[in-house]
**Student:** 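One structure, pasted below without further comment.
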Amino acid sequence: MKPSPESQQFIDVELQYGANNYAPLPVVLDRGQGARVWDVDGKEYLDFLSAYSAMNQGHAHPKIIKALTTQAQKLTLTSRAFYNNELGAYEKFMCDLLKFDRLLPMNSGAEAVETALKLTRRWGYDVKKIPENQAKIIVCDENFHGRTLGIISASTDPDSRRGFGPFIPGYVVVPFGDAVALELALKDPTVAGFMFEPMQGEAGVVVPPDGYLKKVRELTKAANVLMVADEVQTGLARTGKMLACDHEQVKPDVLILGKALSGGVLPISAVLSSHEVMLTLKPGEHGSTFGGNPLACVVARAAIEVLLEENLAEKAAQLGDVFRSELRAMNSPVVELVRGKGLLNAAVITPHQRKGEKFTAKEVCYEMAEHGLLAKQTHQHIIRFAPPLVITEAELSKGIGIIKSALTGF
Ligand code: PLP
């Protein structure tokens, strides 16, 4: 796929002045509305990535943009040196909705994960009485929780870790979806928490076996260990329920949210937990200049109201069923597997030759972009499909058509 001369100009400036830590498709976007985006040449695309599930409510949702622009003219940031008149109402709204006692506001997903890690260790020392500096946190193989040093210390991905050591100790890795391995690791009395994604997003939309979440809940409770669910990607209606943990009616001890918490408008993240866990933090022990700013509080509240008012969890469940059954019905030899829940899905591609050339997930993504659908490969052979949940049935069916054609050859 060859960018237009105008697109190429934007790409060239980034290539010259930016860091080289991403490899985007050569598409330069300029505008978005709902499930659609347009590039600088005016070409229209269906957005089947949703900024890695941050745009669940769709691009430029009028209610969220109105909340943003109204509040932006009034008060944006006070820091936590003072109270503001939006934070408490937002915290109450979220706690009432998700049935937690307290919320700690942060900005990016990674910051919320860091916060959860610190809270877990602190609870381990203050409440569980783990001897000083011995607390461990169990994580899963192939996890993705973000990019900070504390988080990549728990990563098993060589690309995330190479050249960034020394790492922070205190992690134990178990295979994802393996309750027996978890049970064994939980025997260590210095374990404070088990942090995991209820469905692994970046690993390629890996769905654990049925019953895993319930088992995690039982095992962690029995071991007096915090169950820490990272729902930054799976949360907020994406998988067909408000939280992916809701699929098995389990409630974690610590819940991490980000991405769609702002409908893709601002970096807004949060950690929710109980009085017991949250109140281990005292003034001056953790914080963020921007966390809990009134602009973010108003935007997050509007973003969650949109999910509720437009029944986006139910919509994701229903459209996700259509999406998977249509793709599975293709019976294509190049599609090994289609998996996912709600509108968080992936196709595992068999690398093959087409017109004498190597055809992997990346080439499929390029071909789909040519025909008006944006998605991104994760690893060499997996393509994630996660359109905004506001996508219409007609748009979904157009998208499915483009995906099928790209997989079978236009
Ligand atoms: N946790 C999960 C499960 C994620 O998928 C991501 C990002 O993809 C993060 C945390 C990190 O979020 P952010 O990129 O906002 O720091």
Side-chain angles (χ1 to χ4, degrees), residues 19 21-24 48-56 104-120 137-157 159-161 164 171 173 176-177 193-208 213 216 227-239 241 243-245 247 252 254-272 288 290-291 296 299-300 303 340-346 375-379 382-386:
N21 55 334
Y22 280 92
F48 265 59
L49 182 65
S50 302
Y52 299 100
S53 297
M55 310 294 314
N56 289 1
L104 197 163
M106 296 298 281
N107 309 288
S108 66
E111 279 175 298
V113 172
E114 282 283 342
T115 302
L117 291 169
K118 285 171 74 176
L119 265 174
T120 301
I137 295 177
I138 305 173
V139 294
C140 289
D141 203 12
E142 301 275 315
N143 69 70
F144 187 88
H145 299 288
R147 299 293 192 172
T148 63
L149 266 177
I151 293 171
I152 63 165
S153 296
S155 172
T156 58
D157 170 23
D159 288 345
S160 298
R161 289 168 62 95
F164 296 132
Y171 293 109
V173 181
F176 179 63
F194 171 54
M195 181 173 76
F196 75 116
E197 302 153 83
M199 266 168 70
Q200 289 191 323
E202 298 307 301
V205 188
V206 183
V207 184
L213 304 179
V216 167
M227 172 179 176
V228 182
D230 179 351
E231 295 236 22
V232 168
Q233 188 160 157
T234 53
L236 304 178
R238 171 56 58 189
T239 70
K241 300 271 185 196
L243 302 176
C245 281
H247 284 285
V254 180
L255 172 69
I256 309 169
L257 296 176
K259 296 194 194 269
L261 187 50
S262 73
V265 164
L266 289 172
I268 304 177
S269 63
V271 178
L272 292 103
S288 153
F290 279 84
V299 165
K341 272 205 168 124
L343 281 174
L344 182 57
N345 295 293
K376 191 83 166 53
Q377 76 276 8
T378 171
H379 304 283
I382 303 172
I383 307 174
R384 172 177 22 198
F385 295 107

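Remember, it's 1-based here, ligands and their atoms both numbered in the order they're listed. This one's a predicted model, so the numbers in the text were calculated from it and none came from an experiment. Because only heavy atoms are used, hydrogens play no part in the values below, and waters and symmetry mates are left out as well, while side chains stay in.
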**Student:** Does some side-chain heavy atom of Pro105 sit less than 4.5 Å from a side-chain heavy atom of Phe290?
**Tutor:** no
**Student:** If you define the side chain from C-beta out and look only at heavy atoms, does anything of Val113 sit under 4.5 Å from Phe144?
**Tutor:** no
**Student:** Just to verify, what does Glu202 make a salt bridge (Lys or Arg N to Asp or Glu O under 4.0 Å) with, not counting sequence neighbours?
**Tutor:** Arg384
**Student:** Might you work through the side chain to side chain contact (heavy atoms under 4.5 Å, CB included) test for Leu236 and Leu257, ending with a clear yes or no?
**Tutor:** CA-CA 8 Å; Leu236 304 178; Leu257 296 176; 4.2 Å; yes
**Student:** Can you tell if the side chain of Leu117 reaches within under 4.5 Å of the side chain of Ile151, non-hydrogen atoms only?
**Tutor:** yes
**Student:** Kindly tell me which protein residues have any non-hydrogen atom under 4.0 angstrom away from an atom of ligand 1, grouped by chain and ordered by number?
**Tutor:** Ser108, Gly109, Ala110, Phe144, His145, Gly146, Glu197, Glu202, Asp230, Val232, Gln233, Lys259
**Student:** Of all heavy-atom pairs between Glu142 and Thr156, which one has the smallest distance, and what is that distance?
**Tutor:** N-OG1, 2.8 Å
